[in-house]
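Please read the structure below before turning to the comments.
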Amino acid sequence: MISYIRGELAAVEEQKAIVDVGGIGFGIFMSNQALALLPQPGNEVKIYTYFSVREDAMQLFGFLTRDDLEIFRLVIGVSGIGPKGGLNILSAMSPDELRFAVMSGDAKAISTAPGIGKKTAEKLIVELKDKINIEDVLDHAAHGEDAAPEKHSAGEGIQSEAVQALVALGYGSTESMRAVKKASPDCTTAEELLKEALKFLF
């Protein structure tokens with residue numbers, strides 16, 4: 001019903017951004033990570049939204065990119081996880097971290113989100129594993145949403161090799177992916193990327 005809201009950021013409250021659109025203040029629930037990336041109040045923002053309608057409430061949930069909104073939709077499509085639970089997961093980990101946790105079966109990382117137990121995390125992994133592929137994970141990590149397609153294959157290959165090497169060294173799948181994401185984008189080989197990534201693990 002409401003695809004996005006563009007307006008002046010009036011205030012940032014706990015778990016919520018207030019956006020002024022033509023004199024009407026829209027309260028939009030957002031993850032802690034997304035709230036931290038918002039500009040100072042008074043600046044214009046564009047927030048992609050999910051409109052949740054229940055018998056006792058109508059609420060807007062907001063995201064800074066379409067990609068974040070899409071992963072949120074996948075999460076709340078899992079039985080037992082509502083919009084608030086989905087937002088808690090995206091407050092505990094970024095969409096890319098969630099993708100990799102699903103692909104690697106890392107229920108422990110997902111269950112760090114408030115209100116998400118081990119069984120729910122395992123269920124989420126089972127239901128989303130076929131809807132998320134490793135190419136998406138590596139592409140987002142390497143280049144972001146507006147990636148140049150010609151760079152996809154090389155970046156994907158060396159990132160995959162670096163992550164596999166870190167896992168072989170005994171590091172967890174999710175922390176390995178996180179370290180590789182932080183490493184220098186100028187690395188041209190898996191060996192260079194591995195060396196850079198290790199700096200974030202010591």
Side-chain angles (χ1 to χ4, degrees), residues 1-102 109-117 120-121 123-124 127-128 131-132 136-137 139-149 151-152 174 177-178 181-182 185:
M1 181 179 179
I2 302 176
S3 298
Y4 67 82
I5 287 179
R6 186 200 300 273
E8 180 183 305
L9 181 64
V12 175
E13 302 177 353
E14 185 176 358
Q15 296 187 318
K16 187 188 293 185
I18 309 299
V19 181
D20 186 314
V21 182
I24 299 175
F26 289 88
I28 307 171
F29 291 98
M30 303 182 72
S31 71
N32 293 335
Q33 293 198 29
L35 288 172
L37 293 173
L38 289 174
Q40 291 296 313
N43 287 286
E44 184 180 272
V45 292
K46 179 179 180 180
I47 298 175
Y48 296 92
T49 56
Y50 174 84
F51 187 45
S52 172
V53 180
R54 300 185 312 182
E55 290 184 6
D56 59 342
M58 290 189 294
Q59 298 172 314
L60 279 171
F61 293 84
F63 309 89
L64 299 180
T65 69
R66 289 192 184 91
D67 176 57
D68 292 355
L69 173 58
E70 180 58 31
I71 200 73
F72 174 79
R73 288 181 182 277
L74 288 177
V75 169
I76 64 174
V78 176
S79 177
I81 301 180
K84 284 291 181 71
L87 212 58
N88 284 341
I89 292 175
L90 292 177
S91 287
M93 58 202 318
S94 71
D96 284 341
E97 290 169 345
L98 176 58
R99 283 189 180 91
F100 199 78
V102 169
I110 298 172
S111 62
T112 60
I116 304 298
T120 300
K123 184 176 183 180
L124 184 146
E127 293 195 24
L128 296 191
K131 298 177 181 178
I132 294 173
D136 288 340
V137 179
D139 189 36
H140 281 280
H143 311 300
E145 276 201 321
D146 300 319
K151 295 182 180 180
H152 176 90
T174 303
M177 186 60 177
R178 188 180 293 119
K181 284 174 59 181
K182 290 180 180 178

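Positions are given from 1, in the same order as the sequence printed here.
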For residues 5-23, dump all side-chain donor-acceptor pairs below 3.5 Å to protein atoms at least two apart in sequence or in another chain.
from: D20; atom 1: OD1; to: G23; atom 2: N; distance (Å): 2.9

Assess the side chains of N88 and S91: does a donor N or O sit below 3.5 Å from an acceptor N or O? no
I would like to know whether D67 and R99 meet salt bridge (Lys or Arg N to Asp or Glu O under 4.0 Å); could you show each step before the answer? CA-CA 11 Å; D67 176 57; R99 283 189 180 91; 2.2 Å; yes
What's the separation between atom [atom1] in [X] and atom [atom2] in [Y], rounded to the nearest 0.5 Å?
X	Y	atom1	atom2	answer
I71	E97	CD1	CD	12.0 Å
L87	I81	CG	CD1	12.5 Å
I89	S111	CD1	OG	10.0 Å
R66	S3	CZ	OG	9.0 Å

With distance as the sole test, does T120 use its side chain to make a donor-acceptor pair with the main-chain N or O of I116 at under 3.5 Å? no
Any donor-acceptor pair under 3.5 Å from E127 side chain to L124 backbone: no
Taking all heavy atoms of I110 and all of A101, pick out the closest pair and write down the distance. CG1-CB, 3.9 Å
Minimum heavy-atom separation for L90 to D68, with atom names? CD1-O, 4.3 Å
List the atom pairs, with distances to 0.1 Å, where a side-chain N or O of residues 46-64 and a protein N or O form a donor-acceptor pair under 3.5 Å, not counting sequence neighbours.
from: T49; atom 1: OG1; to: I2; atom 2: O; distance (Å): 2.6
from: R54; atom 1: NE; to: D56; atom 2: OD1; distance (Å): 3.4

Is any side-chain heavy atom of F72 less than 4.5 Å from a side-chain heavy atom of P95? no
